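Got a structure here, written out as structure tokens. Questions coming.
For the numbers below, each heavy atom of this structure counts, side chains included, while hydrogens, waters and symmetry mates do not. Numbered from 1 within each chain, the chains take letters A, B, ... in sequence-line order. Just so it is clear, the model here is predicted, and its values are computed rather than measured.
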2 protein chains.
Amino acid sequence: MTHGSRHGGQPSSPTPRVRLVDVAREAGLSKTTVSAALNDTGRLSPAVREKARETARRMGYRPNATARQLRAGRAKLIGYVVGEAVDARSVFLESPYFARLTGATAATALRRGYAMVLLPAGSLQSEWADLPLDAVVVTDPDADDRIVDDVLAAGIPVFSDRSVEGRPGAYWVDVDTEAAVRSALDHFHEQGARRPVLVVPDSTTRFHTEVFAAHREWCAEHGLPERVVRVGEAGNGPVVRAVETALTGDPAGRRPDALLVVAEASPPLVLAAARRHGYDVPGDLLLACVSEDVTAEHTEPPVTTLSLRPEAIAEAGIEHLVRVLEQGGREPAGTLVPTRLDVRASSVRQHG
Amino acid sequence: MTHGSRHGGQPSSPTPRVRLVDVAREAGLSKTTVSAALNDTGRLSPAVREKARETARRMGYRPNATARQLRAGRAKLIGYVVGEAVDARSVFLESPYFARLTGATAATALRRGYAMVLLPAGSLQSEWADLPLDAVVVTDPDADDRIVDDVLAAGIPVFSDRSVEGRPGAYWVDVDTEAAVRSALDHFHEQGARRPVLVVPDSTTRFHTEVFAAHREWCAEHGLPERVVRVGEAGNGPVVRAVETALTGDPAGRRPDALLVVAEASPPLVLAAARRHGYDVPGDLLLACVSEDVTAEHTEPPVTTLSLRPEAIAEAGIEHLVRVLEQGGREPAGTLVPTRLDVRASSVRQHG
DNA sequence: TTGAAAGCGCTAACAT
DNA sequence: ATGTTAGCGCTTTCAA
């Protein structure tokens, strides 16, 4: 090989990295002074501070993060793992909600100085016990998730996008379910629907439980029959089948005039199912899905969605995390963030 | 201060973690001995080794990863970032390909002892310069991606799922494009199609360039006209519009009898577009999409897909990475992995 | 076969 | 205002 190979692995030190002491020597100062200058601490004369900085810049100095971590006792590293409530774990990122929550969490965390390590879905704490994690974000945990317990037992604080009330060290951000369900059902009602049907996962997560409860309450208030179809499993197949069940109508053969799908499914597939069952959307069926799927905007007609606003959840969660980690003060365990109903043609009754 | 607060460090350490020296003291041994016992190095009497291990276990000792890193000089941390070729960067994970590649990369890496940090899409090296990354995985970089340059300039090896030939320190795994395109077109041909049309992104990535070339070559070989529609932008909207252009037929008004969509789009949406244009699939149009989208299995008819096998790419890439990092030997810069054609009803001519 | 001691690169008490 | 020094917790020569 001709050209001096500077890449390769560490074994044969690629480029003997510039250390603090090198900068100090070069600038004719001490480590302390240079360190203070770069970290903007201590009392230094402006001239010296500038000189230290200039030298560091010129030499291309990059502080060694590991050494800093060791000194600080914190690694500025957080884990991100999917809880047990998620079924199709190996491919959880394919869900637009998780995809966006994940990306937003990583971005927000980094902005606040924390690197986010993606932990394999469904992995147990033992698999990553060696990592110096300051905290772990557990998405969509079960009511009594084992991963949450494992992490807490290891003395690591847990942050979640689902309520994990009552466990010290566990914090959460969740959506305002009550308001969410009402916004969708109120919208249907305003559009004239009187026989709405709900498709919701048969799970123990707070969100789904509360969706069910909020729907029941709303129906009672409005004197409308409570029609619900529960989905046992996650995935497009099961959800579409549940939708089809919902669309066949009640035992008396009365067909619904509005459909709220809370289980995650591809909006185009839900729409196609409605078509197969002879519904015109929005002519004789108003449709809304709880979904972050962008394909909802591209169907004919576009599908109304109730967005859980994963970015907002991520931001609130990371702010919370940083506050707990850095101020250590007694923070509230939970926070609610609002949802957003994006009304599109699929749920707007035509005039005339 | 009431409780003996060691100097620099955590605000108020939750559980004063057990250190190596604690185990040593408890076992009546030295740090050296315990370290050797736990790492299975050195020459120790079986009795002592067992005693050290037992004590460590009993005390719940967990080695401090940061200290180890500082000693070792490597952090066992790799970065993962999306290259410049990806358009909708903020939501790149919503693409099933990226979602699966990302998850599989994280899982494989962790299995090999490396934690994967998810870096915000489109972020520059400066935003995470502080992280002690041993390597960075750049997905879908442009032909001369700036992120790749930045990372290489920082002396960090780069691994990619797209060819980045010719830059020392850059390694890649890519798909066998030629074989991929041929498998799809051959399949169409076997099913009797004679007027296939290709929809492909107008990008400079090796994959898309080679898809174009392989298609041209295949058409020439088979004496068939080369029909191609280029998509300028990523996203369901632009791709669906390109599909519609492709389906309107050539200037002479001759309509295609097979459609290969290489640009990423939701299969249900592509299918719906074909319907809108009066095609029966697979009756008068055979359809195949390059996609990892699971919704392809749930349409009516299910859509044939050409899978790039992100999991295989991830595994090959991480194996490669580990080899380069740990053996440092002169490894080949690139590897090809095969694709897989999942034939479904959308591309199978009916009998009778 | 085991232990003492040096030091990875950095920051912060404590001098000067 | 700047420098000296002592570690953070671990692994690894090198002595005993």
Side-chain angles (χ1 to χ4, degrees), chain A residues 10-11 13 15-53 55-56 59-76 130-132 134, chain B residues 1 4-11 13 15-53 55-56 59-76 129-132 134:
Chain A
Q10 276 57 5
S13 27
T15 304
R17 192 157 165 161
V18 180
R19 295 154 310 165
L20 190 61
V21 64
D22 299 321
V23 177
R25 191 160 18 226
E26 172 81 11
L29 297 167
S30 77
K31 289 197 306 176
T32 312
T33 307
V34 178
S35 173
L38 296 175
N39 294 330
D40 221 355
T41 58
R43 309 128 303 205
L44 302 183
S45 71
V48 169
R49 176 154 287 163
E50 186 43 45
K51 161 145 199 157
R53 287 182 164 160
T55 311
M59 298 179 73
Y61 169 72
R62 308 236 52 104
N64 180 314
T66 306
R68 281 186 158 170
Q69 286 170 20
L70 183 58
R71 192 65 249 274
R74 295 177 303 110
K76 292 282 200 162
D130 290 341
L131 294 176
D134 296 343
Chain B
M1 297 293 142
S5 67
R6 308 181 180 287
H7 54 295
Q10 303 79 341
S13 29
T15 307
R17 191 156 166 159
V18 181
R19 295 156 310 167
L20 189 62
V21 64
D22 300 320
V23 177
R25 192 160 18 229
E26 173 81 11
L29 297 167
S30 75
K31 289 197 308 177
T32 313
T33 307
V34 178
S35 174
L38 296 175
N39 294 328
D40 218 358
T41 58
R43 305 128 306 203
L44 304 182
S45 70
V48 170
R49 176 155 286 164
E50 186 43 45
K51 164 147 197 154
R53 287 182 165 160
T55 310
M59 298 179 75
Y61 169 72
R62 309 232 50 100
N64 179 313
T66 305
R68 279 186 158 171
Q69 285 170 20
L70 184 58
R71 236 347 299 240
R74 296 179 302 110
K76 292 278 198 167
D130 290 342
L131 294 175
D134 295 345

Going by modelled atom types, is there a donor-acceptor pair between the base of C:dT11 and the side chain of A:Arg68 at under 3.5 Å? no
Please determine whether any donor N or O and acceptor N or O are separated by less than 3.5 Å between the side chain of B:Thr32 and the base of D:dT12.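 For B:Thr32, whose side chain was compared with the base of D:dT12, there is a donor-acceptor pair (under 3.5 Å).
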B:Arg71 CZ to D:dT11 C1', straight-line distance once rounded to whole Å: 4 Å
Just the rounded figure in Å: distance from P of C:dG9 to CZ of A:Arg25.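 Atom-to-atom, A:Arg25 to C:dG9, this comes out as 12 Å.
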Closer than 4.0 angstrom, basic N to acidic O: yes or no for B:Arg17 and B:Asp22?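 No.
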Does A:Ser35 make a side-chain N or O approach to OP1 or OP2 of C:dA12 shorter than 4.0 Å? no
What's the CG-C1' distance between A:Leu70 and D:dG9, to the nearest Å? 6 Å
With side chains defined as the heavy atoms from C-beta onward, is the minimum distance between A:Tyr61 and A:Leu38 less than 4.5 Å?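 A:Tyr61 vs A:Leu38: side chains touch.
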For DNA chain C, whose closest nucleotide is more 5', that of B:Leu29 or that of B:Ala67?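 The residue mapped nearer the 5' terminus is B:Leu29.
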Considering all heavy atoms of both residues, which atom of A:Ala36 and which atom of A:Leu44 are nearest to each other, and what is their separation?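 For A:Ala36 versus A:Leu44, the nearest heavy atoms are CB-CD1, 3.9 Å.
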In whole Å, what is the span from the CZ atom of B:Arg74 to the C1' atom of C:dG9?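 B:Arg74 atom CZ is separated from C:dG9 atom C1' by 17 Å.
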Both A:Pro46 and B:Asn64 contact DNA chain D. Taking the nearest nucleotide for each, which residue is further toward the 5' end? A:Pro46
Rounded to the nearest Å, what distance is computed from the CG atom of residue A:Leu20 to the P atom of nucleotide C:dT11? 7 Å
What is the minimum heavy-atom distance between A:Arg49 and A:Thr41, and which atoms define it? NH2-O, 2.7 Å
For A:Lys31 and A:Val23, what are the C-alpha separation, side-chain angles and deciding distance, and is it a side-chain contact (heavy atoms from CB on, under 4.5 Å)? CA-CA 8 Å; A:Lys31 289 197 306 176; A:Val23 177; over 6 Å; no
How long is the line joining NZ of B:Lys31 and P of D:dT11, in whole Å?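 Between P of D:dT11 and NZ of B:Lys31: 10 Å.
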In whole angstroms, the gap separating P of C:dT11 from CG of A:Asn39 amounts to 5 Å
For D:dT2, does either OP1 or OP2 sit under 4.0 Å from a side-chain N or O belonging to A:Thr33? no
B:Arg43 or B:Thr66: which one's nearest nucleotide on DNA chain D is closer to the 5' end?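 Comparing both residues, the 5'-ward one is B:Thr66.
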In whole angstroms, the gap separating C1' of D:dT12 from CG of B:Asp40 amounts to 16 Å
